[in-house]
Structures are given as C-alpha cells and as structure tokens.
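Notes to accompany the following structure.
Each chain gets a letter, A, B and so on, in the order its sequence line appears, and its residues count up from 1. Here the structure is a predicted model, which is why all the values come from computation and not from measurement.
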Protein chains: 2
Amino acid sequence: MDVFENIRTRAISGAFAHGEKLRAEVLRNDYGCSASTVREALLRLAALGLVEFQEQRGFRMPEYSEARQHDITQMRIMLETEGACRSMRYGGVAWESRLNAAHHKLSHIESRIAAMGPTEELAQLWMAAELEFHQTLLSACGSDLLIELHLQVYNRYRQIKAEYDHTFQHVASNIREHHAIVDAALSGDETAMRQRIFEHFERHLIPGRPVSVRVDALV
Amino acid sequence: MDVFENIRTRAISGAFAHGEKLRAEVLRNDYGCSASTVREALLRLAALGLVEFQEQRGFRMPEYSEARQHDITQMRIMLETEGACRSMRYGGVAWESRLNAAHHKLSHIESRIAAMGPTEELAQLWMAAELEFHQTLLSACGSDLLIELHLQVYNRYRQIKAEYDHTFQHVASNIREHHAIVDAALSGDETAMRQRIFEHFERHLIPGRPVSVRVDALV
DNA sequence: TGCATTAGAAATTTCGAGATTTCAAGGAAA
DNA sequence: TTTCCTTGAAATCTCGAAATTTCTAATGCA
C-alpha cells in the first residue's frame with residue numbers, strides 16, 4: 001500500500017478536518033508502517049501545499065478561510081481557461097472526442113446522483129470522473145508544467161471544498177455548466193470558453209472581491 | 001545547517017549537472033548528517049519539481065531540453081504578467097516605491113557586473129537581488145497562491161538557466177529590460193507592462209513555437 | 001491574582017543498522 | 001551472436017531506538 005498516495009487521497013476528500021493535527025505516530029497505525037514512512041509522505045504533501053509543516057511542530061491540515069478559497073478558485077479559473085483555450089487551438093478532433101468521452105462518463109454519474117441521491121460509491125466515482133474531465137480539458141495544451149500546476153491547484157480546491165462536495169447541492173447546475181464547456185470547445189469560440197469556465201466557478205468566489213479574469217467582452 | 005535549504009540552493013545554482021544522479025549516501029558527507037536526512041530533503045525537492053524521483057531508483061537532476069525551457073519560460077511570463085498587472089491595480093504608491101528600491105539594488109549590482117565582469121560574490125548577490133526584484137513585482141497582487149506558484153516556476157527557471165546565468169552575456173539588455181518594466185509600472189499602463197515582461201523573456205523561447213501570451217495590441 | 005520558572009511528559013527529528021530491490025557482469029542455452 | 005538466467009555488489013527503503021525540542025502544568029515569587 002502506497003502511504004503517500006493514500007494519505008493524499010484522504011487529505012483531499014475530507015477525511016481530515018480543517019486545521020486538524022496530523023501525527024505520524026497516530027497515522028502509522030492505519031498503515032502498519034513506521035512513523036518515519038508516514039513522516040516522509042507528509043513532507044511530500046507539505047511541499048504540494050496539501051498539508052502545512054512547521055519545523056519542530058509537526059503537520060496540520062490547512063485552515064479554512066474564504067480568502068483562501070477565493071484565491072484558489074481564481075487560480076483554477078486562470079489555469080483552466082488558459083489550458084482549455086490552448087487545447088482548442090492545438091488539440092484537434094482527437095482532443096474533442098476525448099473531451100466528449102470524459103464528459104459523457106461524468107454526466108452519466110452526475111445524472112445518477114441527481115436522480116437517486118449521493119451514495120459513498122457514487123461520490124468516489126464522481127471525484128475521479130470530475131478530475132478526469134477537467135484534466136482532459138487541458139490535456140492538449142502542450143504544456144506539461146501547466147498541467148502539473150493545475151493538478152496542484154485542483155487538489156487544493158478539492159481539499160477546501162471537500163465537505164461542500166459531499167452534499168452535491170449543485171449537481172443540476174454542474175451538469176449544465178459542464179455541458180456548456182463542452183459546447184464551447186466544439187464551437188471553437190475561445191471567448192465563449194472563457195465565459196463558460198468563469199461561470200462554472202463563479203459561485204465559489206467572494207462576491208464583490210476584485211477578480212482578475214480575462215473574459216473578453218463579457219456581456 | 002539546513003540541509004533542505006542548502007541542497008535547494010545548489011540545485012538551482014548549477015552545482016549539479018543536468019541529469020546527474022543524487023545519492024543520499026554521497027551528499028551526507030557534505031553535511032555530516034545521516035542519509036535519511038538527505039533523503040528527506042530530496043523528497044521535498046522532488047515534490048517541487050527541482051529533482052526527479054523514481055521509486056526504488058533514487059533521485060536525479062532533471063534533464064535539459066529546449067522544450068522544457070520554453071515551457072517554463074512561458075509559464076513565468078504568464079504568472080508574472082498576471083501578478084504584475086494585479087500589483088499595479090492594487091499596490092498603490094507603497095508598492096511602486098518598494099519596486100523602485102528593489103530595482104535600484106538590482107541595477108547597482110548589474111552595473112558592477114557589466115563594468116568589472118562577474119565574480120563569484122557578485123553572482124551570489126545578483127541571484128538574490130534578481131529574485132527579490134521579480135518577487136516585488138508580484139508582491140501586491142493579493143494572491144498568496146500566485147506568489148507561491150511563481151516561486152516554484154522561478155526556481156525551475158533558475159535551475160535550467162544556471163550555466164547560462166553564470167556567463168552574464170546579457171547584463172546590458174537585462175539592465176534595459178528591468179528598467180523598462182519599472183517604467184511601465186510607474187506609468188500604470190498594463191498593456192505596456194505585458195509587453196515589457198514578454199520582451200524580457202522573449203529570447204528564452206523557442207523561435208517559431210506557438211506562444212500563448214496575452215500582449216494586447218502588440219505593435 | 002498575575003507572572004515567570006521549571007520539571008516532567010509528549011511530540012518531533014535524527015540516526016545507523018538491517019531488509020529489500022535494482023543494477024551489472026558473467027555464463028549457459030538457443 | 002543474441003537472449004535469458006544467475007549471482008554478487010551496490011543502492012534504496014524501512015524501521016525502532018535514541019536525541020532533541022516543544023508543550024503542559026504545577027510551583028514559587030511578587
């Protein structure tokens with residue numbers, strides 16, 4: 001069992017509370033390994049911003065704050081619009097069909113959640129499919145670094161929204177918004193793509209706080 | 001002595017060759033600590049992309065490639081234009097004077113290098129002053145995350161350009177370009193700022209390769 | 001009471017030995 | 001010759017104990 005991978009999953013899916021202390025000596029029991037191995041995993045997570053580390057004071061989960069959520073959301077908007085627009089330019093038909101496939105898988109799961117309510121199993125499937133959809137959106141952008149930084153920001157976003165996600169309040173709007181993004185991709189209209197991505201995230205920004213997003217002639 | 005910090009500095013200042021293998025058992029001699037401590041530092045560097053890590057196969061420095069340099073440069077342009085423009089909007093006079101101060105310090109060092117040629121000591125001072133200048137440029141952007149990601153990308157940039165930096169071929173143009181950036185900041189013209197930052201990095205892009213940069217009415 | 005000190009407990013970090021895995025060279029079979 | 005296997009050496013990873021630092025709370029003093 002990969003300790004790093006497993007703790008990472010827990011850290012972005014709400015298994016730990018915001019601000020909770022993470023003690024290697026405690027977590028080791030979950031994995032039957034030594035504290036050093038857990039410590040190693042936590043250090044790597046800290047470098048990725050999923051865990052906070054203070055010398056001689058151990059590890060804790062990041063605290064929640066509206067400002068932090070706004071910041072992370074704005075960065076996701078920036079990286080995803082940039083990546084999606086580049087994919088539109090360079091990706092061609094191959095990318096369009098991959099995006100379609102990823103969207104199909106995701107919307108199937110979202111429909112089931114909308115219809116029969118969230119179960120633990122559906123939530124797991126949704127997490128994976130949502131990530132895959134947004135990664136596919138950027139997959140043809142031609143920049144490994146953009147993709148890597150996006151994954152970092154995506155994970156922090158999931159982490160901060162973990163409890164929110166679990167309720168699936170906005171499945172209906174999510175379905176619409178994901179659909180609108182795919183439409184924009186197929187239409188080849190970059191301005192439309194920027195707007196659709198912005199709209200997808202808009203409700204997670206702090207109203208009134210300045211936002212720096214290029215939307216080009218937002219109506 | 002902080003092993004992590006020290007190895008990080010070496011990794012971005014050309015002390016290790018591209019693709020070189022980094023063995024904990026070897027590096028421990030430089031620090032008089034155990035291999036585990038070195039290993040811990042290397043894992044953290046790997047999470048930041050400054051070192052590559054393969055399970056059971058240890059650590060090595062990233063290989064050089066033109067494509068990688070282009071990618072990193074493009075991301076620096078993107079993050080720095082965004083951050084600089086936000087600083088222009090939110091930073092006010094306080095930011096302008098901090099930028100002026102940082103620029104003054106940097107250009108003083110660059111002038112000395114231009115005049116009397118590079119020494120090891122001047123190179124060290126330049127590294128610190130250059131980072132401080134570019135960080136000051138973003139310092140009033142209002143986004144901790146943007147600043148954090150920029151530092152990551154900045155470090156990868158320094159790492160890949162380490163030998164190039166050491167020659168100081170372009171001190172003269174650097175002085176001009178840094179000056180132009182400060183001018184744009186004081187003039188409050190965001191379009192000019194985007195252009196000046198692009199020009200500062202232009203020579204490190206692969207000619208002809210598509211670039212996605214918003215420059216707004218580049219003449 | 002309020003504040004500083006300090007002793008004990010708890011948590012964090014370092015360490016080197018041992019277990020595991022990969023690498024490299026030589027030899028056998030096709 | 002080429003490919004596959006064997007084997008010893010080298011490198012990597014894991015572990016729990018020991019050393020260090022921080023935290024807690026009880027004590028003494030003003």
Handout entry: Atom-to-atom span, CG of A:Leu42 to P of C:dA11 - whole angstrom
Key = 15 Å
Exercise for the section: Whole angstrom is fine here: how far is it from CG in A:Asp2 over to C1' in D:dT14? Expected result: 14 Å
Fill in the blank from the handout: Once base and sugar-phosphate atoms are separated, protein heavy atoms under 4.0 Å mark nucleotides 6-13 of chain D, 5' to 3', with B, S and - as -----SSS
Fill in the blank from the handout: So the side-chain hydrogen bond (donor to acceptor under 3.5 Å, both in side chains) pairs with at least one residue in residues 138-152 of chain A (sequence neighbours excluded) are A:Glu80-A:His150, A:Arg98-A:Ser139, A:Ser143-B:Asp71, A:Glu148-B:Arg156, A:Gln152-B:Gln152
Exercise for the section: Check B:Phe168 against B:Ile113 and note the closest heavy-atom contact, atom names and distance. Expected result: CE2-CD1, 3.5 Å
Handout entry: Donor-acceptor under 3.5 Å (A:Glu20 side chain, A:Met61 main chain)
Key = no
Problem - Residue-phosphate contact under 4.0 Å: B:Arg28 side-chain N/O, C:dC15 OP1/OP2 - result: no
Handout entry: OP1 or OP2 of C:dT13 under 4.0 Å from side-chain N/O of B:Thr37
Key = no
Exercise for the section: Run the numbers on B:Tyr64 and B:Gln159 for side-chain hydrogen bond (donor to acceptor under 3.5 Å, both in side chains), then give the verdict. Expected result: CA-CA 10 Å; B:Tyr64 173 84; B:Gln159 173 178 74; over 6 Å; no
Handout entry: Qualifying residue for ring-ring contact (aromatic ring centres under 6.0 Å, His included) with B:His200, from B:His179, B:His170, B:His134
Key = B:His134
Handout entry: B:Glu132/B:Lys105 salt bridge by N-O under 4.0 Å criterion
Key = yes
